[in-house]
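Take a look at the structure below.
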2 protein chains.
Amino acid sequence: MLNLKQDHSTLVVLSVLADGPSYGYAITKAIAAKSDGHFKLTASGMYPLLTKLEKQGLVTTSWEEVKAEGADPDASGRKRKWYTLSPKGRRQLDKHIEAHKQMQHLLDNFLAPTATATSTNT
Amino acid sequence: MLNLKQDHSTLVVLSVLADGPSYGYAITKAIAAKSDGHFKLTASGMYPLLTKLEKQGLVTTSWEEVKAEGADPDASGRKRKWYTLSPKGRRQLDKHIEAHKQMQHLLDNFLAPTATATSTNT
DNA sequence: TCAGATATATCAGAACTCGATATATACATC
DNA sequence: GATGTATATATCGAGTTCTGATATATCTGA
């Protein structure tokens, strides 16, 4: 079980929201499912991050009541805070993906089997 | 210019040392060169990390004097602290590489082109 | 002599991490 | 109706990490 750091969390959360609006609890479940149970983003990591994304204008939010089946329509039940990826957020996701790919590419130079500097022609 | 975080720093530093012993200043230069000038690991990130690696037994160290050309052999000149990858460090490097590859693999699930959330229907 | 490169190292304010805690509803089972 | 588990959002705080600034000292070339 790998705890995600902010960089990866941001990438992953924006990616999940690119599939459509969602809310905190569902996002944590989606991340666990999509990573085959390997990624873990707990509430204490998720909510501060979502608040940050909102402040940066990458997501927009709205509250919605969760009506229980056959519940009194006037009763106030549990609430969900929905997060929707904004156009700015989508552009940011693209940037994050690009940056991630560049990072991977650059790291490849360090992951190669320790070459004994043989022939390296250009 | 990307500042490296500890996870990546560790991977990259151990990787550089896998090519042979080196010292702090040279490692920062090697990282910059190997990453085509994109990775930056400053002194304030490098030395605490090297100390940590030493404490963990991943590297062994030794001081060596840098003799100036034609200098008095008895004069005490500038010193270098050399870092050598230990067998434990090499195993740790392998583990880091493996973990990194798994992370990449898992992240792929989130980087795939999002179905068509940019819905075209009106 | 002066500037810039080499070389190691710490400091401190800021940011981040993450288990624990708080609050509340929903639902199945006993 | 009590009990436990899942759903749902959110903050706290001790510990760790990050990073520009600072300190110290040597070497090299103009």
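What you are looking at is a predicted structure, and each value in this text was computed from that prediction instead of being measured. Throughout, a chain's letter reflects where its sequence line sits, starting with A, and its residues are numbered from 1. The figures here come from the full heavy-atom set of this structure, side chains too, leaving out hydrogens, waters and symmetry mates.
Rounded to a whole Å, the CE atom of B:M1 is 17 Å from the C1' atom of D:dC18. Rounded to whole Å, the distance from CG on B:L41 to P on D:dT19 is 10 Å. Atom CG of A:L50 and atom C1' of D:dT11 are 14 Å apart (whole Å). Rounded to a whole Å, the CD atom of A:E64 is 15 Å from the C1' atom of D:dT7. When rounded to the nearest whole Å, the span between CE of A:M46 and P of D:dT11 equals 14 Å. The separation between A:E65 atom CD and D:dA8 atom C1' is 13 Å, rounded to whole Å. Rounded to an integer number of Å, the gap from NE2 of B:H8 to P of D:dT19 is 13 Å. Per the geometry, CZ belonging to A:R78 stands 13 Å off P belonging to D:dA6, to the nearest Å.
For B:A18 against B:L93, the heavy-atom pair with the smallest separation is CB-CD2, 3.8 Å.
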What string of B, S and - do you get for nucleotides 8-19 of chain C, 5' to 3', if B is base contact, S is sugar-phosphate-only contact and - is no contact with any protein heavy atom under 4.0 Å?
-> BBB-----SSBB
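Contact annotation: the side chain of A:L41 never approaches that of A:V12 to less than 4.5 Å [non-hydrogen atoms, C-beta and beyond]. For the pair B:I31/B:M46, a side-chain contact is recorded, criterion being any heavy-atom separation below 4.5 Å from C-beta on.
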Start with the C-alpha distance between A:Q104 and A:D108, add both sets of side-chain angles, then the distance that settles side chain to side chain contact (heavy atoms under 4.5 Å, CB included), and finish with yes or no.
-> CA-CA 6 Å; A:Q104 277 191 195; A:D108 279 346; 5.6 Å; no
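Here A:L85 contributes atom CG and A:Q92 contributes atom CD; the two are 10.0 Å apart, rounded to the nearest 0.5 Å.
Residue A:Y23 forms a side chain to side chain donor-acceptor pair (under 3.5 Å) with just one option from A:K79, A:E64, A:R80, and that option is A:R80.
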